[in-house]
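Reading through the structure tokens given below for one structure.
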Amino acid sequence: KIGEFADEFGVNAYIVGGFVRDLILGRKNFDVDIVIEGDATEFAKKVAKKANAKVHTFERFKTATVVFPDGFRIDFASARTEVYKAPGALPEVDMAPLKKDLMRRDFTINTLAIKLNKKEFGKLIDFFGGLRDIKDRKIRILHSLSFVEDPTRILRALRFATRYRFELGKHTEKLLKIAVQRKLFKTVEGQRIYHELKQIFLEDNPLRVVNKLAYYKVLSSIFPTIVWDKKKKDLFERIRKVIIWHKLNFQEKEIRYDLLYFGALLIGQSFQKIDTYLDNLSVPEKDREILKEILLKASYLLKEVNKERKNSEIYKLVSRFKEEVLLFAASLTEEEWKREKILEYLKSWRFTKPAVTGDNLKAIGLKPGPIFREILNELKYRLIDKEIPEDKEKQLDFVK
Ligand code: ATP
């Protein structure tokens with residue numbers, strides 16, 4: 001459809017980047033990025049009107065997002081047609097706007113485009129050898145100054161290399177090492193580094209990416225005092241298992257899984273050091289709060305969960321904490337039974353309800369009041385401790 005609209009409005013439209021890369025690799029990707037040779041905001045507005053969709057435009061960047069009635073989103077960007085030239089500069093070699101747009105990208109594997117116009121619909125456009133590199137399983141930058149121009153690409157290179165099990169191209173690897181040696185991260189805004197770290201922590205297996213960050217001395221370049229040792233690797237592995245468990249049980253929940261890994265990286269550092277790192281990375285206040293809770297409260301919680309306590313006492317204890325803190329504590333402990341108690345709280349205790357209701361209590365002649373809450377809570381605790389049966393009549397007998 002987009003191709004038809006493009007023909008109608010007289011512009012060229014291409015689907016580009018990650019979507020094409022993942023299409024060739026046979027991986028799912030729902031981020032559709034479209035480049036328009038022309039004004040993408042105008043184009044997006046027209047598409048939205050025709051399709052009864054919502055559109056958000058960012059005039060400054062000439063980009064737009066269209067959200068269709070079924071929730072599907074497409075991002076549109078304009079391939080710049082005019083270039084800001086210094087007065088008197090030599091005229092630029094004529095180049096297709098699409099090619100100029102793709103030239104600014106990070107790796108060859110992200111420079112593939114597919115034409116959407118009816119004429120040549122589906123044609124794969126490959127200016128920089130991206131298809132060959134996907135086949136060779138190689139991450140390659142487009143030009144020698146790429147990492148100097150934007151050192152966050154170092155993090156991206158290692159993230160993609162891990163995710164797809166690709167290797168760095170020889171030249172790319174050499175330039176990456178030089179860029180790290182020259183401490184180029186110091187020249188980047190902290191929040192951009194943090195954004196890429198977050199993407200790493202949201203990967204399926206951050207442990208493997210961080211192994212690479214450590215190998216290429218990227219980790220020590222960003223966090224000089226953090227030691228990537230067996231203890232941290234084991235913790236990363238346990239976090240991964242806990243997250244998989246959590247995702248299986250609660251698909252819909254919005255939990256900041258990335259911060260569990262970030263917490264694991266930071267744990268053991270002094271609070272002063274942690275604050276310095278978080279300041280340098282411009283970590284947003286909301287993230288800082290969750291991180292602080294994770295780091296301050298998880299070990300305290302684990303100390304309090306001990307064998308003398310009944311399940312209901314553990315319930316009262318852990319229900320005070322954020323879910324992220326509980327997941328972190330469950331990962332932090334090496335004692336299987338403690339982990340199980342915390343996960344049991346998450347999976348069943350917190351949803352436990354007595355069969356008896358307020359109405360039932362009225363029916364046996366009790367006067368409504370604060371006592372009802374107390375009775376129902378007591379029943380809940382006894383249920384968690386398996387001291388009373390699930391049967392309603394028997395629970396009422398117990399109340400009597
Ligand atoms: P993912 O599957 O992780 O979403 P993606 O390729 O879609 O991967 P994004 O971070 O969403 O990655 O970026 C979209 C596109 O923008 C990429 O295909 C990439 O070419 C380009 N891009 C992103 N960051 C940079 C950068 N620092 N330098 C150059 N190009 C970049």
Side-chain angles (χ1 to χ4, degrees), residues 13-36 40 56 58 61-65 72-80 97-114 124-131 133-134 137-166 168-169 172 175-176 179-180 184-185 187-206 208-210 212-213 218 222 257-258 261 281-282:
Y14 307 87
I15 187 160
V16 298
F19 184 90
V20 184
R21 174 197 69 212
D22 288 344
L23 186 72
I24 294 167
L25 283 163
R27 287 174 67 109
K28 276 189 201 139
N29 186 325
F30 300 107
D31 293 335
V32 180
D33 292 308
I34 287 178
V35 166
I36 301 294
H56 309 274
F58 310 92
F61 302 104
K62 284 282 167 208
T63 62
T65 302
F72 193 74
R73 321 160 62 94
I74 298 185
D75 289 322
F76 293 90
S78 314
R80 279 192 215 142
L98 174 71
K99 185 166 177 184
K100 264 188 210 156
D101 183 276
L102 296 173
M103 215 166 63
R104 290 185 279 120
R105 292 183 183 243
D106 44 7
F107 311 114
T108 58
I109 59 165
N110 289 335
T111 61
L112 293 166
I114 292 173
L124 184 72
I125 296 162
D126 180 8
F127 292 119
F128 306 100
L131 187 61
D133 287 342
I134 288 179
R137 313 186 76 76
K138 288 279 195 283
I139 306 287
R140 283 192 226 276
I141 46 178
L142 304 194
H143 58 87
S144 298
L145 286 176
S146 187
F147 290 131
V148 179
E149 207 173 86
D150 182 357
T152 64
R153 290 174 187 160
I154 296 170
L155 298 170
R156 295 176 63 83
L158 299 175
R159 175 160 68 90
F160 286 127
T162 309
R163 184 201 288 173
Y164 299 116
R165 297 183 184 268
F166 282 16
L168 301 179
T172 297
L175 291 170
L176 184 146
V180 176
L184 288 182
F185 282 112
T187 66
V188 191
E189 280 172 273
Q191 63 182 35
R192 297 195 55 233
I193 298 180
Y194 182 58
H195 174 77
E196 289 301 335
L197 285 175
K198 188 172 160 184
Q199 299 308 310
I200 288 172
F201 296 140
L202 288 171
E203 288 287 319
D204 173 52
N205 195 343
R208 288 180 45 234
V209 189
V210 181
K212 283 202 169 67
L213 296 184
V218 176
I222 303 174
Y257 296 121
D258 57 313
Y261 287 114
L281 295 171
S282 304

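Indexing begins at 1, ligand by ligand and atom by atom, following the structure's order.
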What does the N/O contact table under 3.5 Å look like for ligand 1?
from	atom 1	to	atom 2	distance (Å)
ligand 1	2 (O)	Arg21	NH2	3.1
ligand 1	2 (O)	Arg163	NH1	3.0
ligand 1	2 (O)	Arg163	NH2	3.4
ligand 1	3 (O)	Arg159	NH1	3.0
ligand 1	3 (O)	Arg163	NH2	2.6
ligand 1	6 (O)	Arg21	NH1	2.8
ligand 1	8 (O)	Arg21	NH2	3.4
ligand 1	10 (O)	Arg156	NH1	3.0
ligand 1	10 (O)	Arg156	NH2	3.4
ligand 1	12 (O)	Arg156	NH2	3.4
ligand 1	20 (O)	Asp106	OD1	3.0
ligand 1	24 (N)	Arg156	NE	3.3
ligand 1	24 (N)	Arg156	NH1	3.4
ligand 1	27 (N)	Asp150	OD2	2.8
ligand 1	28 (N)	Arg153	NE	2.8
ligand 1	28 (N)	Arg153	NH2	3.3
ligand 1	30 (N)	Asp106	N	3.2

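- Side chain of Arg140 to backbone of Gly169: no donor-acceptor contact under 3.5 angstrom is found.
- With hydrogens and angles disregarded, a donor-acceptor distance shorter than 3.5 Å links the side chain of Thr172 to the backbone of Ile141.
- Contact of the Leu23 side chain with the Leu112 side chain is not registered, since no non-hydrogen atoms from C-beta on lie closer than 4.5 Å.
- Listed by first then second residue, pairs satisfying salt bridge (Lys or Arg N to Asp or Glu O under 4.0 Å) with a partner in residues 188-204 read Asp150-Arg192, Arg156-Glu196, Arg159-Glu196, Arg159-Glu203, Arg163-Glu203, Asp204-Arg240, not counting sequence neighbours.
- The side chain to side chain donor-acceptor pair (under 3.5 Å) check on Asn29 picks up Asp22, with sequence neighbours excluded.
- Residues meeting the side chain to side chain donor-acceptor pair (under 3.5 Å) test with Thr108, sequence neighbours left out: Asp133.
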